[in-house]
Amino acid sequence: MKWATAIRTLKDLALAANQVADSSYTLPVTQLWAAWEILGKPQDDLAWVTVGVVVDLPVDEVAWLTKPRGAEHWEYSTRAAKMPAVTLWRSAHAPVWNHWLDRPAQFWDHETGLAEDVLDALRAGKGEDVRAPAPSEDEFRARQQDDIAVSLKAVRERTRTYEERRWKPGKLTAVSDPLWEATNGYVDLVDGERGE
């Protein structure tokens, strides 16, 4: 994907988020944050853009690498599901950053809309100018521990749900996929804490 296409993807997602923001049947998404390669120097071989999607739900409902209920509907409503974008869901009640979303740049807010100045900086390869400030080592460690605790709780809850449904008739996908998401998120966080 070309750099200009990546920036246009962010803009298209922000504009679509504006359109569905006040809809009663979608998640209360409040912010969009750009992360990873799009924050660096322009390049024309990106596979996708990474976007932190902040939703106004309790922290426990948005464990790392899981999708809260209604996320797929939001992704289809905004066309994010068809865009070359990876969406990583975060709660509005905790910092968006973690070991993976390293100093992301906010490019959309429900209240103020699209941040054209941020997109201009990203387009010019000046992502460093618009990135969030780095947390202190203590803040980073505390954030890791909080994320791990939330993730472990999600694994336990989704394991119980899976065990309850395991031998009942019907497909298990509705409970096995969320269990896999929570487990994958937990392992990723623990690996991140160990520097792996």
Side-chain angles (χ1 to χ4, degrees), residues 1 3-23 26-43 46-68 70-71 74-75 77-81 83-140 142-144 146-147 150 185 188-189 192:
M1 173 172 53
W3 193 257
T5 304
I7 300 299
R8 189 170 57 249
T9 298
L10 295 178
K11 185 171 187 172
D12 289 348
L13 184 57
L15 295 175
N18 269 342
Q19 291 176 346
V20 301
D22 296 320
S23 175
T26 61
L27 281 173
V29 172
T30 61
Q31 297 174 342
L32 297 175
W33 293 72
W36 275 86
E37 290 89 353
I38 201 68
L39 300 175
K41 299 286 183 213
Q43 52 185 301
L46 296 176
W48 59 74
V49 289
T50 302
V51 179
V53 182
V54 177
V55 61
D56 188 13
L57 290 174
V59 174
D60 286 351
E61 292 183 29
V62 196
W64 178 238
L65 297 183
T66 67
K67 292 185 177 187
W74 184 89
E75 288 174 344
S77 296
T78 60
R79 298 177 304 284
M83 293 179 181
V86 173
T87 53
L88 300 172
W89 293 82
R90 305 298 279 162
S91 170
H93 304 283
V96 66
W97 54 264
N98 66 3
H99 71 293
W100 189 257
L101 294 171
D102 178 32
R103 296 184 54 224
Q106 185 180 348
F107 67 96
W108 179 82
D109 183 272
H110 176 255
E111 299 296 324
T112 58
L114 179 65
E116 290 281 2
D117 59 325
V118 172
L119 288 189
D120 289 343
L122 297 179
R123 189 177 292 110
K126 297 181 178 180
E128 189 63 34
D129 295 347
V130 293
R131 293 177 76 178
S136 69
E137 285 186 30
D138 288 343
E139 288 172 323
F140 186 77
R143 181 72 182 121
Q144 280 183 310
D146 290 346
D147 256 350
V150 167
D188 183 66
L189 288 166

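All heavy atoms count here, side chains included; hydrogens, waters and symmetry mates do not.
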Roughly how far apart are [X] [atom1] and [Y] [atom2], rounded to 0.5 Å?
| X | Y | atom1 | atom2 | value |
| --- | --- | --- | --- | --- |
| L39 | D129 | CG | CG | 11.0 Å |
| L13 | R8 | CG | CZ | 13.5 Å |
| R79 | L15 | CZ | CG | 9.0 Å |
| D109 | E111 | CG | CD | 6.0 Å |
| T66 | E61 | OG1 | CD | 10.0 Å |
| L122 | I38 | CG | CD1 | 6.0 Å |

- Are R123 and D120 close enough for a salt bridge, meaning some N to O gap below 4.0 Å? yes

Please name the pair of heavy atoms, one in [X] and one in [Y], separated by the smallest distance, quoted to 0.1 Å.
| X | Y | answer |
| --- | --- | --- |
| T9 | P84 | OG1-CG, 3.7 Å |
| W108 | L114 | CD1-N, 3.6 Å |
| H110 | A21 | CD2-CB, 3.1 Å |
| A6 | V49 | CB-CG1, 3.5 Å |
| A35 | P104 | CB-CB, 4.3 Å |

Any [X] side-chain heavy atom under 4.5 Å of [Y] side chain:
| X | Y | result |
| --- | --- | --- |
| V51 | L88 | no |
| L27 | P68 | yes |
| V55 | W74 | no |
| D146 | R143 | yes |
| K11 | E116 | yes |

Exactly one of V62, L32, T30 clears side-chain contact (heavy atoms from CB on, under 4.5 Å) with V53, and that residue is L32

What verdict does the salt bridge (Lys or Arg N to Asp or Glu O under 4.0 Å) test give for D117 and K126, after you've listed the backbone C-alpha separation in whole Å, the side-chain angles of each residue and the deciding distance to 0.1 Å? CA-CA 11 Å; D117 59 325; K126 297 181 178 180; over 6 Å; no

Would a distance-only check, ignoring hydrogens and angles, find a side-chain to backbone donor-acceptor pair under 3.5 Å from [X] to [Y]?
| X | Y | value |
| --- | --- | --- |
| T5 | M1 | no |
| E139 | S136 | yes |
| S91 | L57 | yes |

Open item on the list: Please confirm whether the ring centroid of W36 lies under 6.0 Å from the ring centroid of W48.
Closed with: no

Cut-off 3.5 Å, no hydrogens considered: what does the side-chain donor-acceptor table look like for residues 92-101, sequence neighbours left out?
unit_1: H93; atom_1: NE2; unit_2: D56; atom_2: OD1; d: 2.6
unit_1: N98; atom_1: OD1; unit_2: W100; atom_2: N; d: 2.8
unit_1: N98; atom_1: OD1; unit_2: L101; atom_2: N; d: 2.8
unit_1: H99; atom_1: NE2; unit_2: D188; atom_2: OD2; d: 2.8

Under 3.5 Å, is there a donor-acceptor pair linking the side chains of W33 and Q31?
yes

Contacts of E128 meeting salt bridge (charged side-chain N to carboxylate O under 4.0 Å, His left out) (sequence neighbours excluded), chain-then-number -> R103, R131

Full working for side-chain contact (heavy atoms from CB on, under 4.5 Å) between V29 and W89: CA-CA 10 Å; V29 172; W89 293 82; 3.9 Å; yes

